[in-house]
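As structure tokens, the structure follows; a few thoughts come after it.
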Amino acid sequence: MACKICGGEVEMRKYTAEICEEDFGKEIELYGWVHEIRDLGGLVFLVLRDREGFAQITLPKKVVDRELFKKARKLRRESVIKVFGQVKEEKKAPNGFEIIPREIEILNVSDAPLPLEVTEKVPAELDTRLDNRFMDLRKPKIQAIFRVRHAVVQALREFFDRHGFIEVQTPKIVSTATEGGTELFPISYFEREAFLNQSPQLYKQTLMAAGFEKVLEIGPIFRAEEHNTVRHLNEAISVDIEVSFVDHEGVMRYLEEAVREVYEKVNERCERYLGWIGVDLEVPDTPFERLSYDDAVEIARKKGEDVNWGEDLSTSALKLIAEDYGGYYFIVDWPTESKPFYAMPYESDPEISKTFDLMKGWIEIASGAQRIHKYDLLVKRMRDQGLSPENFGFYLETFRYGMPPHAGWGMGLDRLMMAILGLQNIREAVLFPRDRHRLVP
RNA sequence: GCCCGGGUGGUGUAGUCCGGCCUAACAUGCGGGCCUGUCGAGCCCGCGCCUCGGGUUCAAAUCCCGGCCCGGGCGCCA
């Protein structure tokens, strides 16, 4: 049989989940980890685990080779093995079949005790799990999160590709604390100081000036905030778009349709993995409801929350609002002063801006706006917010030579994963999360 | 960063309030033994733990102070 990778005469990799009736009576080769060993004396059951599932390897003492039998019962959990044997239909076995091995090769033994139980007989705390993430990720239920995450990213790329977006990569090492607001991580850049970028915002807009018209970027963002919550990370993945010749409503439509399509495709492509996690996905209806900032404030106030108009909504206010809005919804038309300098104020009422946050319950998933494309207004807004236009050299220049009107948003991919899978902690959605205290692994 | 709660075998818990009967318990694991249909296998024997530093006391896992670490809530957060 030809190898999928090199094309040579190599036995093709077969996963446990691919074993079917056609294989009954045939000899196959499996690779994986020893998930469990059940030694009944005259009969030994091994459970082999690979990426896609499990297979029971059965060794009846009277049937298999004596040395092989002795070797199998001495195996340690999580050792890596190769099994060559016959697939036998067996109603008493899980999935209706078992493998009677002719050969078991130990490719690598595992030490004991394990840092945590892959079988999940004993739960482990998130911190212990993250300290030993490679082992934690061996749990099908945990690995499934990342199979879904893969499908989510694929779905987003497909959606935006189909709509004519150009996927780009912008610098993550930048020269100045550009936007203000959040803290940046300083780094050493040869003889100068530089920073890790907090957002691709200024570069996305620069590409509007460059005439790209529709861009997508999926990449890391860095925030040096000392927050310590279940929904913040210091390194996150942001899905960003920027579109020319549309307003904020235009990019909100891309956002809600993209989210809906992500749900559809995850349902289509990840049925097994959703099953492992135990999640039943309901595709949200579009369009998502638009709730104005004013109305949101009103809801929170009616429930007894003290909200100052003009400020960002507090966690407690958002939780009150989420009592009425559990699914996806937009909070729109935020006070101009509460949003970044590049957000476009309404001509009719400059106190509010063409801005929106996409919410899922009380958690902010994305935020965006129509941007200011006029040089003079942009400079004025920078000054209003206490920023120095001199620090925005390359960015400001792009507004002098034909910057089209444009709008865009940034969405936290990790937050979207939380929303889709109902994860209680954002760290669950990330392979190797970076938070206030965790830099390893 | 603030407030509150916590740190006990590899893992997850009990014990701490009310100091002594804790030579620290249970589950899982690990080592050994028995067992031919397990799938949370079962049974028997064994192994392995009080976060660190200081203090109080005849006596500290237990009380007090400090450090480190963790959890929950909040703040900060394009």
Side-chain angles (χ1 to χ4, degrees), chain A residues 35-47 54-64 69 73-74 76-78 88 90-96 98 110-132 135-136 174 177-184 197-205 221-234 236 238 240 242 311-319 334 338-343 355 357 363-364 366-369 371 385 387 408-412 415 424-425 427 435-438:
Chain A
H35 189 66
E36 280 184 287
I37 304 154
R38 279 188 282 274
D39 182 356
L40 274 63
L43 182 65
V44 174
F45 296 104
L46 293 182
V47 179
F54 302 95
Q56 175 167 291
I57 316 298
T58 307
L59 297 98
K61 196 174 187 175
K62 288 179 183 164
V63 175
V64 300
F69 185 81
R73 65 192 305 188
K74 291 293 163 217
R76 268 207 297 245
R77 292 151 81 227
E78 297 306 317
K88 191 183 144 208
E90 175 56 69
K91 291 206 169 58
K92 284 178 280 186
N95 307 322
E98 61 192 15
S110 170
D111 259 348
L114 303 168
L116 48 83
E117 306 276 326
V118 179
T119 53
E120 294 189 272
K121 283 178 193 165
V122 179
E125 284 189 6
L126 183 59
D127 203 50
T128 306
R129 291 173 41 211
L130 293 175
D131 282 342
N132 303 282
M135 186 70 62
D136 185 50
V174 297
T178 45
E179 295 173 52
T182 196
E183 293 290 322
L184 299 178
N197 208 179
Q198 64 186 104
S199 143
Q201 183 59 31
L202 307 187
Y203 289 98
K204 285 193 300 176
Q205 291 192 259
I221 56 172
F222 305 91
R223 306 279 163 91
E225 296 294 337
E226 303 227 346
H227 37 45
N228 204 198
T229 78
V230 294
R231 61 187 188 287
H232 286 98
L233 291 171
N234 296 289
S238 180
D240 270 89
E242 203 67 30
E311 288 176 7
D312 204 354
L313 297 168
S314 68
T315 306
S316 51
L318 289 171
K319 282 183 176 171
W334 290 73
S338 74
K339 287 290 178 184
F341 66 85
Y342 48 77
T355 49
D357 280 7
I363 293 187
E364 179 191 332
S367 102
R371 324 298 192 185
Q385 299 219 346
L387 298 167
W409 46 254
M411 170 166 66
R415 292 236 180 131
Q424 296 304 302
N425 194 314
R427 294 163 182 82
D435 62 30
R436 177 68 185 85
H437 302 289
R438 183 173 292 281

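On a predicted model such as this, the values are computed, not experimentally measured, just so you know.
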Atom CD of A/Glu36 to atom P of B/A41: distance rounded to whole Å? 5 Å
Sugar-phosphate, base or nothing in reach of A/Lys74, heavy atoms under 4.0 Å: sugar-phosphate
Identify which nucleotide among B/G12, B/U38, B/U36 has an atom closest to any side-chain atom of A/Pro94, counting heavy atoms from C-beta outward. B/U38
Watson-Crick or G-U wobble partner for B/G29, using a 3.5 Å limit on both distances? B/C47
Please determine if A/Glu364 and A/Arg231 form a salt bridge, counting it only when a charged side-chain N lies under 4.0 Å from a carboxylate O. no
Quick check: on RNA chain B, is the nucleotide nearest A/Leu126 upstream (toward 5') of the one nearest A/Leu313, or the reverse? Name the residue that is more 5'. A/Leu126
Please enumerate all residues that pass side chain to side chain contact (heavy atoms under 4.5 Å, CB included) together with A/His35, with sequence neighbours excluded. A/Val47, A/Arg49, A/Phe54, A/Glu78, A/Val118, A/Thr119
If pairing means Watson-Crick or G-U wobble with both distances under 3.5 Å, then the partner of B/C63 is B/G55
Does the structure show a Watson-Crick or G-U wobble partner for B/G1, both distances under 3.5 Å? Name it, or say none. B/C74
Could a donor-acceptor pair under 3.5 angstrom be found where the side chain of A/Glu117 meets the base of B/G40? no
Derivation and outcome, salt bridge (Lys or Arg N to Asp or Glu O under 4.0 Å), residues A/Asp357 and A/Lys339: CA-CA 11 Å; A/Asp357 280 7; A/Lys339 287 290 178 184; 2.8 Å; yes
Tell me what A/Ile221 touches on the nucleic acid: a base, only sugar-phosphate, or nothing, going by heavy atoms under 4.0 Å. base
Ignoring backbone atoms, test whether A/Arg38 places a side-chain nitrogen or oxygen under 4.0 Å from the OP1 or OP2 oxygen of B/C39. no
Can you tell me the pairing partner of B/C35 across any strand shown, Watson-Crick or G-U wobble, with both distances under 3.5 angstrom? none
How many Å lie between CZ on A/Arg436 and P on B/G71, as a whole number? 13 Å
How about A/Ile37 and A/Arg76: do any of their side-chain heavy atoms sit closer than 4.5 Å? no
Does A/Arg371 form a salt bridge (Lys or Arg N to Asp or Glu O under 4.0 Å) with A/Glu242? I'd like the steps, not just the answer. CA-CA 10 Å; A/Arg371 324 298 192 185; A/Glu242 203 67 30; 2.7 Å; yes
Tabulate atom names and distances for all N/O pairs under 3.5 angstrom spanning the protein and nucleotides 72-76 of chain B.
from, atom 1, to, atom 2, distance (Å)
B/C74, OP1, A/Lys319, NZ, 2.6
B/C74, N4, A/Asn228, O, 3.4
B/G75, OP1, A/Thr315, N, 3.4
B/G75, OP2, A/Thr315, OG1, 2.4
B/G75, O6, A/Asn228, N, 3.2
B/C76, O2', A/Glu225, OE1, 3.4

So, does A/Thr58 get its side chain near the phosphate of B/G37, meaning an N or O under 4.0 Å from OP1 or OP2? no
Touch check for A/Lys339, heavy atoms < 4.0 angstrom, all strands: base, sugar-phosphate only, or nothing? nothing
Pair A/Glu36 + A/Lys121, salt bridge at N-O below 4.0 Å: yes
Applying a 4.0 Å non-hydrogen cut-off, can you work out what A/Leu116 is touching in the nucleic acid: base, sugar-phosphate, or nothing? nothing
Is the closest side-chain donor-acceptor distance between A/Arg436 and A/Thr229 under 3.5 Å? no
Side-chain (A/Thr355) to main-chain (A/Trp334) donor-acceptor, under 3.5 angstrom: yes
Expressed in angstrom and rounded to an integer, what is the separation of A/Asp39 atom CG from B/C43 atom P? 15 Å
If pairing requires Watson-Crick or G-U wobble contacts with both distances under 3.5 Å, which nucleotide is the partner of B/G40? none
Does A/Lys88 make a side-chain N or O approach to OP1 or OP2 of B/G37 shorter than 4.0 Å? no
Nearest-Å distance, NE2 (A/His35) to P (B/G29)? 12 Å
Value in whole Å for how far the P atom of B/G6 lies from CD of A/Glu125: 14 Å
Does the side chain of A/Lys121 get closer than 4.0 angstrom to OP1 or OP2 of B/G29 through an N or O atom? yes
Length of the CG-P vector between A/Leu114 and B/U11, whole Å: 11 Å
Starting at CG of A/Leu233 and ending at P of B/C77, how long is that distance when rounded to a whole Å? 18 Å
Looking for any heavy atom pair under 4.0 Å, which part of the strands does A/Asp312 touch: base, sugar-phosphate only, or nothing? nothing
Assess the residue pair A/Ile57 and A/Phe45 against the criterion (side chain to side chain contact (heavy atoms under 4.5 Å, CB included)); give the C-alpha distance rounded to whole Å, side-chain angles, the decisive distance to 0.1 Å, and a yes or no. CA-CA 6 Å; A/Ile57 316 298; A/Phe45 296 104; over 6 Å; no
Does A/Pro115 reach a base, just sugar-phosphate, or nothing at all? Heavy atoms under 4.0 Å. sugar-phosphate
A/Asp136 atom CG is separated from B/U11 atom C1', nearest whole Å, by 12 Å
So what does A/Arg73 hit on the nucleic acid, given a heavy-atom distance under 4.0 Å: a base, only sugar-phosphate, or nothing? base
Using only heavy-atom distances, decide whether a donor-acceptor pair under 3.5 angstrom links the side-chain of A/Gln56 to the base of B/U38. yes
